[in-house]
Amino acid sequence: MSSDVVEEYYSSFLYVRRIILINTAFSVPLNFLTMYLILFKTPKHLKTYKYLLLNISWDREFNSASGTLLSKPSSSL
C-alpha cells in the first residue's frame, strides 16, 4: 500500500513538472521579446516607466526559470 502512495505521488509530480516545463518553454521567449520591446521600442518620454517595466519583466523571467530548475519532489512523505 505504501508503495502505491509513493508511486502516485511521483506520477502526479511528473505531470505537474511537465506542465511547468511547457509553461516555461512558452514564457521564456515571450519574456525576452517583452524585454527587447521595452528596451528598444519604448518612447523617450517614458524612460522612468521603461525601467519599471524592465524590472518587472526581468523578475518574472528569473522566477519562471528558477522555479522550473529548482522544483523537485520532496523525499519525505
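- Checked against Glu61 for a side-chain contact (heavy atoms from CB on, under 4.5 Å), the options Leu30, Val28, Thr34 give a single hit: Val28.
- The shortest heavy-atom contact between Lys50 and Leu39 is NZ-O, 3.6 Å.
- The CZ atom of Phe62 lies 14.0 Å from the OG atom of Ser57; values are rounded to the nearest 0.5 Å.
- If you run side-chain contact (heavy atoms from CB on, under 4.5 Å) between Ile38 and each of Ile56, Leu33, Leu54, Leu52, only Leu54 comes through.
- Note that OH of Tyr51 and CG of Asn55 are 12.0 Å apart. Values are rounded to the nearest 0.5 Å.
- There is a path of hydrophobic side-chain contacts, each under 4.5 Å, that joins Trp58 to Tyr36.
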